[in-house]
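Remember, it's 1-based here, ligands and their atoms both numbered in the order they're listed.
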Amino acid sequence: MARATCAAGELGDVWLYDIPQKENFAKGKALDLEQNGSVIGYDAHIRGTASWADLEGADVIVVTAGIPRKPGQSRDDLVATNLPIIRDVANNAKKYCPNAFTIVISNPLDAMVYEFKRVTGCAKEKVVGMAGVLDSARFQLFLAREAGVSVKDVRAMVLGGHGDDMVPILSACTINAVPIQNFLAKDKLSAIIERTRKGGGEIVNLMGTSAYYAPASSAVAMAKAYLGDQKRLLACAAYLDGEYGYKDLFIGVPCVIGGKGIEKVVELPLTDEEKAMLKKSAASVQSVVDVVKKS
Ligand SMILES: NC(=O)c1ccc[n+]([C@@H]2O[C@H](COP(=O)([O-])OP(=O)(O)OC[C@H]3O[C@@H](n4cnc5c(N)ncnc54)[C@H](O)[C@@H]3O)[C@@H](O)[C@H]2O)c1
């Protein structure tokens with residue numbers, strides 16, 4: 001789905017890479033997407049391939065390689081299967097697209113983006129994980145529906161790891177500058193936080209696999225911010241080097257994305273309760289990273 005959204009956004013030419021066993025599927029999908037452009041009016045060239053050489057010099061890589069979870073699984077259950085896949089992708093990315101801005105989507109997200117950076121040795125500004133834009137979008141939608149306002153006016157962010165202990169930030173949540181507490185009582189907010197944390201699982205339980213549309217749009221918003229030097233402030237899994245008190249870890253934090261990649265990690269003042277939740281979430285991410293480091 002990320003490829004369809006990239007194509008429709010006319011971000012440039014799009015290559016759909018998949019493993020040799022899926023090459024024809026990738027080529028067929030590319031053709032279908034180009035024909036879709038002829039109907040709805042976009043001119044991006046889209047091709048499928050199983051050869052990394054075709055991706056040489058890419059400006060942006062969106063990494064969705066790896067299996068999604070099934071009902072009953074946590075994201076962390078995917079680590080054994082997806083770790084060799086992310087290593088394969090990272091080794092090829094290092095060889096063929098060393099200057100690309102890379103957006104990792106594969107789960108378990110924060111550990112996979114950590115491993116991508118470790119294997120490629122790329123600069124911390126040039127690799128980021130997509131989770132916060134999606135989790136924040138889910139949070140914003142639930143808040144908008146419950147408060148009876150347009151989703152366009154909800155400002156809310158979800159920080160921390162992309163797991164069930166992610167941290168929806170209520171202290172900075174407003175409906176166009178009006179604090180969310182003016183609209184919703186504590187019990188409603190707690191229920192929304194809980195639904196947000198399980199937002200991915202809710203879809204997996206319904207569809208038997210991961211979400212498509214909102215994750216794709218989230219990754220494309222990040223790619224557009226980079227390609228268009230838009231200086232967007234988005235919640236993303238960024239490499240921390242002391243910010244928020246964490247080092248050598250990717251977790252979701254507010255970042256400015258522009259033409260240089262992750263141009264700034266913004267340190268948002270958090271309440272003591274939010275700091276404690278972030279600590280718990282970071283510890284969960286660290287435990288998966290520790291498994292990755294030993295494997
Ligand atoms: N970060 C998020 O918010 C978020 C949201 C949705 C999905 N996801 C994750 O994204 C990943 C992909 O999900 P999906 O629904 O697109 O799965 P999918 O099964 O539809 O697609 C995954 C693709 O990866 C390919 N692949 C396998 N090994 C590869 C390799 N070495 N190199 C390149 N490609 C390879 C497979 O052939 C397959 O086509 C999963 O890990 C899922 O959990 C993350």
Which side-chain N or O atoms in residues 288-295 pair as donor and acceptor under 3.5 Å with protein atoms at least two apart or in another chain?
{"unit_1": "D290", "atom_1": "OD1", "unit_2": "Q286", "atom_2": "NE2", "d": "3.0"}
{"unit_1": "S295", "atom_1": "OG", "unit_2": "V291", "atom_2": "O", "d": "2.6"}

Run the salt-bridge test on [X] and [Y] with the 4.0 Å N-O cut-off and return the result as yes or no.
X	Y	value
K188	E146	yes
D164	R197	no
R75	D77	no

Any chance you could lay out the side chain to side chain donor-acceptor pair (under 3.5 Å) test for D248 and Y114, step after step, and finish with the verdict? CA-CA 9 Å; D248 193 32; Y114 181 93; 2.9 Å; yes

Given [options], identify the one with the heavy atom nearest to [atom].
atom	options	value
atom 40 (C) of ligand 1	L134, I103, I67, T81	I67
atom 8 (N) of ligand 1	I19, N107, V104, V204	N107
atom 10 (O) of ligand 1	S106, A131, G199	S106
atom 23 (C) of ligand 1	T64, V63, L16	T64

Which of the ligand 1 atoms, numbered from 1, are nearer than 4.0 Å to a heavy atom of [X]:
X	result
I105	1 (N), 2 (C), 4 (C), 8 (N), 9 (C), 10 (O), 44 (C)
Y17	32 (N), 33 (C)
M130	1 (N), 2 (C), 3 (O)
P68	13 (O), 15 (O), 17 (O), 19 (O), 40 (C), 42 (C), 43 (O)
N82	41 (O)
V89	32 (N)

Listed partners of V128 passing side-chain contact (heavy atoms from CB on, under 4.5 Å), at least two apart: F101, I103, M222, C236, I262

Give a yes or no answer on whether the side chain of E243 reaches the backbone of V265 with a donor-acceptor pair at less than 3.5 Å. no

So, S284 and D165: side-chain donor and acceptor under 3.5 Å apart, yes or no? yes

Got a sec: does the NZ of K264 have more than 12 other heavy atoms crowding it under 6.0 Å? no

Any N or O on [X] sitting closer than 3.5 Å to an N or O of ligand 1?
X	result
D88	yes
D18	yes
K22	yes

Does NZ or CZ of K117 come closer than 6.0 Å to the centre of the six-membered ring of F250, within 45° of the ring's axis? no

Please work out, at 4.0 Å between heavy atoms, whether the side chain, the backbone, both, or neither of A65 comes within that distance of ligand 1. both

Heavy atom under 4.0 Å from ligand 1: found in A211's side chain, backbone, both, or neither? backbone

